[in-house]
Q: 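Below: one structure in structure tokens.
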Amino acid sequence: MVSELSLRVKRRRVRLILWVSAAIQMGLGAGWATFFAITGSFHIAYLELGLFVSGVCVAWLTHIRRTRRAFVLLTVVSLLVLILFCLYLDVPDEFTPRTAHLYLLVLTLACLFVLKDEHPLLRWGLCGVLMAAFWVFASTHWSLPSELSVPVSVRRVGVWINAGVAIVGLMALVNIMLIETADANFLEREMEQGMSRQEFFLVYQPQVRADGTPVAAEALLRWRHPRLGLVSPGEFIAQAEKSGLILPLGDWVLDAACRTLQHWATVPAMSGLCLSVNVSAQQFLQEDFVQRVAGALSRHAVPASRLKLELTESMLVHDVDDMARKMSALRALGVGCALDDFGTGFSSLSYLKSLPLDQIKIDQVFVRDVLTDASDAAIARTILQLGESLGFAVVAEGVETQGQCDFLLAHRCVLFQGYLFSPPLAAPEFEMYVARSAAYAV
């Protein structure tokens with residue numbers, strides 16, 4: 001999942017790219033329009049004036065955060081103007097090369113960044129058109145006859161101006177991209193140091209029966225950075241996946257969870273609770289993953305039946321036979337396995353039948369709108385019926401209102417997790433929550 005921080009950073013950089021591009025359009029358009037108007041070449045001046053107006057519109061749309069419209073306008077107008085220039089005005093000769101096509105490189109680089117999260121067909125299709133136009137104009141003297149012309153002396157100056165502005169534009173866009181890479185590297189370095197400085201910790205969200213009695217909890221990883229404060233899990237976990245740091249982080253979480261279970265065993269009200277831990281695909285695919293789990297349990301003398309590993313549906317795109325083998329080995333240890341975010345990924349009945357699962361979790365995207373969306377309500381009912389038929393325990397995630405809880409209860413759901421009952425809690429607060437629940441039950 002992309003964090004809100006990542007989205008804000010990307011939007012800010014997209015706007016920066018649009019500001020740079022708008023500045024290039026306005027600067028070139030205003031400068032050349034003034035020059036050609038003074039020299040009496042009004043047809044060319046009008047074309048340059050159109051480029052300036054386009055730059056102003058792009059800047060305004062960027063200012064009001066209509067970045068998609070701004071980019072469409074930038075791309076269409078720039079491509080049209082550059083093609084017209086290359087065909088009619090910037091015609092190479094024996095002494096003066098064509099240079100207007102160099103701006104196509106700047107535009108292509110902007111497309112690669114701005115359309116990074118768009119459909120590949122759109123991103124690479126548009127970039128392919130731009131680079132094909134650059135290839136044609138860079139490799140040929142192809143042009144169309146026209147009564148319009150630019151004096152040779154002006155073109156010789158224009159060569160230097162176009163090449164210089166294109167180089168500045170390329171350097172500016174490359175620098176913006178390098179900043180993004182530097183941010184990712186910074187986050188990776190800080191995570192490595194954060195592990196050594198013990199900045200990571202676990203919080204616990206109860207999994208309860210309908211009466212609020214806790215029977216288990218899900219351990220969730222958090223990071224408190226000394227300068228950045230609490231870093232969003234969507235931010236650092238995504239980077240940990242990319243960098244490979246998810247493996248040492250996952251080992252730490254597994255060990256910390258077993259250490260927590262060791263402590264709970266000494267507290268009467270908590271000794272019967274299970275603890276769920278999220279496992280990444282990279283972790284689970286390690287050849288010695290089962291041995292790592294067994295080692296963590298052994299180090300802390302924890303009953304394996306108190307630990308549950310939550311796997312995501314996206315793992316099912318990997319070797320299902322290998323998954324089944326490892327899950328069977330975990331079950332032999334006594335460790336349970338749950339399928340997280342059920343219904344959002346790649347699950348099929350054949351997978352559910354072949355995998356030794358103990359639990360499935362209804363993803364919160366379906367729970368959120370069970371009262372207002374007939375499709376989500378039908379999916380939630382189907383998952384509950386499926387779990388009952390196959391003998392799986394079913395946990396409904398993201399339960400936030402009593403109405404959602406009542407709907408799920410009416411369809412035989414017995415385990416719930418969500419803010420209606422409790423947000424994720426630090427260890428001391430979670431112990432207090434369990435103690436209050438036990439006192440209330442008495």
Q: Check whether Thr260 reaches the backbone of Ala256 with its side chain - one donor and one acceptor, N or O, closer than 3.5 Å.
A: yes
Q: In terms of heavy-atom contacts, does CZ of Arg197 have more than 12 from other residues, nucleotides or ligands at under 6.0 Å?
A: yes
Q: Do Cys405 and Leu420 have side chains that approach each other closer than 4.5 Å (heavy atoms only, starting at C-beta)?
A: yes
Q: I'd like to check the side chain to side chain donor-acceptor pair (under 3.5 Å) partners of Trp223; sequence neighbours left out, ordered by chain and number.
A: Glu199
Q: Taking the side chain from Arg331 and the backbone from Gly336, do they hold a donor-acceptor pair closer than 3.5 Å?
A: no
Q: Can Phe416 and Val395 be said to form a side-chain contact (heavy atoms from CB on, under 4.5 Å), step by step?
A: CA-CA 5 Å; Phe416 307 85; Val395 180; over 6 Å; no
Q: Does any non-hydrogen side-chain atom of Leu425 lie less than 4.5 Å from one of Val203?
A: no
Q: Before giving the answer on side-chain contact (heavy atoms from CB on, under 4.5 Å), spell out for Leu112 and Trp124 the whole-Å C-alpha distance, their side-chain angles and the decisive distance to 0.1 Å.
A: CA-CA 8 Å; Leu112 286 172; Trp124 294 111; 3.6 Å; yes
Q: Quick one, Leu297 and Leu307 - any side-chain contact, counting heavy atoms below 4.5 Å?
A: yes
Q: Please name the pair of heavy atoms, one in Ser280 and one in Glu241, separated by the smallest distance, quoted to 0.1 Å.
A: CB-OE2, 3.4 Å
Q: Residues two or more places apart in sequence or in another chain: which of them pass side chain to side chain donor-acceptor pair (under 3.5 Å) with Gln359?
A: none
Q: Rounded to the nearest 0.5 Å, what's the gap from CG on Leu390 to CG on Leu355? Could you check?
A: 11.5 Å
Q: Hey, does Val91 have a side-chain heavy atom less than 4.5 Å from the side chain of His141?
A: no
Q: Going from CD1 on Ile44 to CG on Leu84, what distance comes out if it is rounded to the nearest 0.5 angstrom?
A: 11.5 Å
Q: What about the rings of Phe421 and Tyr433, do their centers lie closer together than 6.0 Å?
A: no
Q: Return yes if some donor-acceptor pair links the side-chain N/O of Arg381 with the main-chain N/O of His411 below 3.5 Å, else return no.
A: no
Q: Among residues at least two apart in sequence or on other chains, which ones pass side chain to side chain donor-acceptor pair (under 3.5 Å) with Glu192?
A: none
Q: Please identify each residue that fulfils salt bridge (charged side-chain N to carboxylate O under 4.0 Å, His left out) with Asp322, with sequence neighbours left out.
A: Arg325, Lys326
Q: Regarding Gln207 and Gln417, is there a side-chain donor-to-acceptor distance under 3.5 Å anywhere?
A: yes
Q: Looking only at non-hydrogen atoms, find the nearest pair between Pro424 and Leu220 and report the distance.
A: CG-CD1, 3.7 Å
Q: Show me the donor-acceptor pairs within less than 3.5 Å that the side chains of residues 48-66 make with the rest of the protein, sequence neighbours left out.
A:
residue : atom : partner : partner atom : Å
Ser54   : OG   : Gln25   : OE1          : 3.1
Thr62   : OG1  : Val58   : O            : 2.7
Arg66   : NH1  : Ile64   : O            : 3.3

Q: Between Arg368 and Asp373, does at least one N-O distance fall below 4.0 Å, as a salt bridge requires?
A: no
Q: Rounded to the nearest 0.5 Å, what's the gap from CD on Glu310 to SG on Cys337? Could you check?
A: 10.5 Å
Q: Does the side-chain contact (heavy atoms from CB on, under 4.5 Å) test come out yes or no for Ser21 and Val106, once each step is laid out?
A: CA-CA 9 Å; Ser21 302; Val106 183; 5.5 Å; no
Q: Measure the spacing between CE of Met327 and CZ of Phe289 and express it to the nearest 0.5 Å.
A: 10.5 Å
Q: Can you list everything that forms a salt bridge (charged side-chain N to carboxylate O under 4.0 Å, His left out) with Arg292? Sequence neighbours excluded, please.
A: Asp251, Asp288
Q: Using a 4.5 Å cut-off on heavy atoms from C-beta on, say whether the side chain of Gln286 contacts that of Gln282.
A: no
Q: How close do Arg224 and Phe201 get, heavy atom to heavy atom, and via which atoms?
A: NH1-CE2, 3.5 Å
Q: Show the atom names and distances, to 0.1 Å, of all donor-acceptor pairs under 3.5 Å that link a side chain in residues 158-172 to residues at least two apart or in another chain.
A:
residue : atom : partner : partner atom : Å
Asn162  : OD1  : Tyr103  : OH           : 3.0
Asn162  : ND2  : Thr99   : OG1          : 3.1
Asn162  : ND2  : Gly158  : O            : 3.4

Q: Go through Asn278 and Asp340 one step at a time and tell me if the side-chain contact (heavy atoms from CB on, under 4.5 Å) criterion holds.
A: CA-CA 8 Å; Asn278 291 286; Asp340 197 11; 3.4 Å; yes
Q: With distance as the sole test, does Gln404 use its side chain to make a donor-acceptor pair with the main-chain N or O of Thr401 at under 3.5 Å?
A: yes
Q: Please name all residues satisfying side chain to side chain donor-acceptor pair (under 3.5 Å) with Asp255, sequence neighbours left out, ordered by chain then number.
A: Arg259, Arg299, His300
Q: Roughly how far apart are Leu79 CG and Ile83 CD1, rounded to 0.5 Å?
A: 4.0 Å
Q: Which side-chain N or O atoms in residues 129-140 pair as donor and acceptor under 3.5 Å with protein atoms at least two apart or in another chain?
A:
residue : atom : partner : partner atom : Å
Ser139  : OG   : Trp135  : O            : 2.8
Thr140  : OG1  : Val136  : O            : 2.7
Thr140  : OG1  : Trp142  : N            : 3.3

Q: Please give me the minimum heavy-atom distance between Cys413 and Leu415, naming the atom from each residue.
A: SG-O, 3.3 Å
Q: Can you list every salt bridge (Lys or Arg N to Asp or Glu O under 4.0 Å) pair that touches residues 148-171, not counting sequence neighbours?
A: Asp90-Arg155, Asp93-Arg155
Q: Please name the pair of heavy atoms, one in Val277 and one in Ala257, separated by the smallest distance, quoted to 0.1 Å.
A: CG2-CB, 3.4 Å
Q: Is any side-chain heavy atom of Cys111 closer than 4.5 Å to a side-chain heavy atom of Val114?
A: no
Q: Under 6.0 Å from the CD atom of Gln402, do we count more than 12 heavy atoms belonging to anything else shown?
A: yes
Q: Under 3.5 Å, is there a donor-acceptor pair between the side chain of Gln193 and the main chain of Glu190?
A: no
Q: Check whether any side-chain heavy atom of Leu18 sits under 4.5 Å from a side-chain heavy atom of Thr67, and report yes or no.
A: yes
Q: With heavy-atom distances below 4.5 Å as the criterion, would you say the side chains of Phe284 and Leu311 are in contact?
A: yes
Q: Starting at CG of Leu82, measure out to CG of Leu107 and round the result to the nearest 0.5 Å.
A: 7.5 Å
Q: For residues Arg98 and Cys86, report the shortest heavy-atom separation together with the two atoms involved.
A: NH2-O, 2.9 Å
Q: Which residues satisfy the ring-ring contact (aromatic ring centres under 6.0 Å, His included) test with Phe430, sequence neighbours excluded?
A: Tyr204, Trp264
Q: Could I get the full list of ring-ring contact (aromatic ring centres under 6.0 Å, His included) partners for Tyr46, not counting sequence neighbours?
A: none
